[in-house]
Amino acid sequence: MSRRPAAPGRTGPGLRLLLLGVLWLAACADAPEPDTDRLTFYAFGTLVDVTLYPAGVHDLLRIESELGAELETMHGLWHAWEPGPLGRANDRLAQGEAFDAPPSILELIERAQELEALTGGLFNPALGRLVAAWGFHQDEPAGPPPAPETLAALLEAPPRMADIERDGTRLRGRHPDLRLDFGGLAKGLAVARGLEQLAELGVEHAIVNAGGDLMTMGRPAHRAWRIGIRDPRSAQVLGSVELGSGEALFTSGDYERGYEWEGERMHHVIDPRSGRPARGLTSATVLHDDPVLADAAATTLMIAGAEAWPRYAQRLGVELALVTLPDGTVELTPAIASRVEFQREVTSRIRTAEAEPAP
Ligand code: AMP
Ligand code: MG
C-alpha cells in the first residue's frame, strides 16, 4: 500500500465530497454542517476517507499513523495478487495438503462459505482464477478477455468455497483451481476494523469510507450522517440517505474496475453462471449494520441482475437495498424507499421478493 501525502485538517461548512461518489450532505438544510476533521489514506486500490467529529479534539497525527498502519496491514493480508499470506494460503489450498491457516483469513473464509451457501454460489470468492482470467488481478485492469476455450475450462466444475475443509485452524483445499479472492467482501471487514481502531483511540463519532463503501460510528452533533448515493452513469448524486450509528452502506457498480473491449464494458463483478461480467444492473447499494454482509450483498445483487435481485436480497436478510438499471431507472426495497431522498428527477419503482415468481 502506498500512502498519499497526509491530509489531516479541518473541513469547512457546506457540501463536501466524500471521495468517489459519496457525498456527505448537511443533515438539515437550514442548520450549519458540523465541523469535522478529515484524514485520507490509500488502501485496497482506493482512497480511504476518514471523517471525525467533532473537529479539533483528536490527536490527528497519532490517528493517522496508527490507522494508516492498520489499513496497510489489512491491505497486505487480504490482497488477491500481491505476494502475502493470502497468496501463500492459495498455493497450499491448490496443493491439497492440510496446513495451519493464518487467523487473518479464517474469519473471511468462514463468512465467504456462509455467503456462498446463502447465494446459491452467485457470490463465490473461490473463483479468483476466473477473476484473474478477465485481467483483474493487476493494478490496471486490462483485456483481452479470456478465450472461449479458457472460459469453458474454468467453468467446467469450478471451485467453490465449500471445497475448503476446515478443522479448527487447519485447512485443506479440495480443488486444484481454488484461488481465494476476497475483493467482494474484505472492504466490509476493513471499515469495521478501522472504526474499532478509532474507538480504541478515543474517537466516538466517525465515518470510514473506502471509495464510497462506508460505515458510521456515533453521530455528528446528535444528528444523522447524510450520505449521497452515486449515479453510476454521471458520477453525480442520485439521492441521499440518512445513516445512524453503526450502519454500513456498500455499493457495487459496473463503473468501478473495468475496461472497454470491442465496445463492451468489461467490469470486475463476474457472474459465475456465464463466467462473464454481470449484466442487467449498473449498480447495487445495500445498507445493513453488518458491513461484511453489506459488501457481499451489494456484489451479489449486481450478479443476480434486474429480475432476481429482490429474491437474493431476501435470501441474504437484506431489507434495505437499491439498484440502478441501464436506462437510469432506480428500483428499491420498500424499507429503503422511505429513507432515500432523491436529489433530482428519477424514475423509481419498489420491488419486493414476494411479488417475484418462484425461483
Ligand atoms: P465489489 O466491488 O464489492 O462488488 O467487489 C468486486 C470484487 O469482488 C472483484 O474485484 C473480485 O475481486 C470479486 N468478485 C468478482 N466476482 C465475484 C463473485 N462472483 N463472487 C465473489 N467475489 C467476486
Ligand atoms: Mg462487495
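Order of appearance sets the numbers: ligands from 1, and atoms from 1 within every ligand. Values reported hereafter were calculated over all heavy atoms of this structure, with side chains retained and with hydrogens, waters and symmetry mates removed. Owing to the predicted nature of the structure, the values given are computational and were not obtained by experimental measurement.
The N/O atoms of Ile270, backbone and side chain alike, include one that comes under 3.5 Å of an N/O atom in ligand 1. Where the criterion is an N or O separation shorter than 3.5 Å, residue side chain and backbone included, Thr251 fails it with respect to ligand 1.
Looking at Gln343 and Ser240, their side chains do bring a donor and an acceptor atom within 3.5 Å of each other. Remark: the Thr282 side chain and the Thr324 side chain contain an N/O donor-acceptor pair separated by less than 3.5 Å.
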May I have the list of side-chain donor-acceptor pairs in residues 123-132 shorter than 3.5 Å, sequence neighbours left out?
| unit_1 | atom_1 | unit_2 | atom_2 | d |
| --- | --- | --- | --- | --- |
| Asn124 | OD1 | Ala126 | N | 2.9 |
| Asn124 | ND2 | Pro159 | O | 3.0 |

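Given atom 23 (C) of ligand 1, the protein heavy atom at minimum distance is Thr299 CG2, 4.5 Å. The nearest heavy-atom contact from the protein to atom 8 (O) of ligand 1 is Gly184 N, 3.1 Å. For atom 9 (C) of ligand 1, the nearest non-hydrogen atom of the protein is His268 O, 3.3 Å. Protein heavy atom nearest atom 11 (C) of ligand 1, with residue, atom name and distance: Asp181 OD2, 3.5 Å. Summary of contacts: the protein heavy atom closest to atom 22 (N) of ligand 1 is Phe123 CE1, 4.0 Å. Summary of contacts: the protein heavy atom closest to atom 2 (O) of ligand 1 is Glu256 OE1, 3.2 Å.
Of the heavy atoms in Pro272, only side-chain atoms (C-beta onward) come closer than 4.0 Å to ligand 1. In Met302, neither the side chain nor the backbone holds a heavy atom less than 4.0 Å from any atom of ligand 1.
When atom types are taken as modelled, the side chain of Glu116 and the backbone of Met161 share a donor-acceptor pair closer than 3.5 angstrom.
The shortest separation from a heavy atom of Ala80 to ligand 1 is not under 4.0 Å, leaving the residue out of contact.
The side chain to side chain contact (heavy atoms under 4.5 Å, CB included) with Val330 is formed by just one residue from the set Leu325, Asp231, Leu238; it is Leu238. Tested against Arg111, the residues Asp295, Leu293, Leu189 include a single side chain to side chain contact (heavy atoms under 4.5 Å, CB included) partner, Leu293.
For a distance bound of 2.8 Å, the N, O or S atoms of Asp213 include none lying that close to the Mg ion (ligand 2). Residue contacts to the Mg ion (ligand 2): Leu185 brings no N, O or S atom closer than 2.8 Å. At least one N, O or S atom of Thr299, from either the backbone or the side chain, sits less than 2.8 Å from the Mg ion (ligand 2).
Cation-pi geometry between Arg230 and Tyr255 is met: under 6.0 angstrom from the ring centre, within 45 degrees of the axis.
Minimum-distance N/O/S atom of Asp295 relative to the Mg ion (ligand 2): OD1.
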**Prompt:** Would Asp327 and Arg233 satisfy salt bridge (charged side-chain N to carboxylate O under 4.0 Å, His left out), going step by step from the backbone distance to the final call?
**Reply:** CA-CA 10 Å; Asp327 69 0; Arg233 286 294 173 265; over 6 Å; no

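In terms of the side-chain contact (heavy atoms from CB on, under 4.5 Å) criterion, residue partners of Ala190 (sequence neighbours excluded) are, by chain and number, Phe44, Met74, Trp78.
Nearest to atom 21 (C) of ligand 1 by heavy-atom distance, out of Thr46, Asn124, Leu122, Leu130, is Asn124.
Contact atoms of ligand 1 toward Asp295: 3 (O) (distance under 4.0 Å to a heavy atom of the residue).
In this structure, Leu71 and Val48 have side chains that are in contact, with non-hydrogen atoms separated by less than 4.5 Å. In this structure the side chain of Leu249 reaches within 4.5 angstrom of the side chain of Thr285, judged on heavy atoms.
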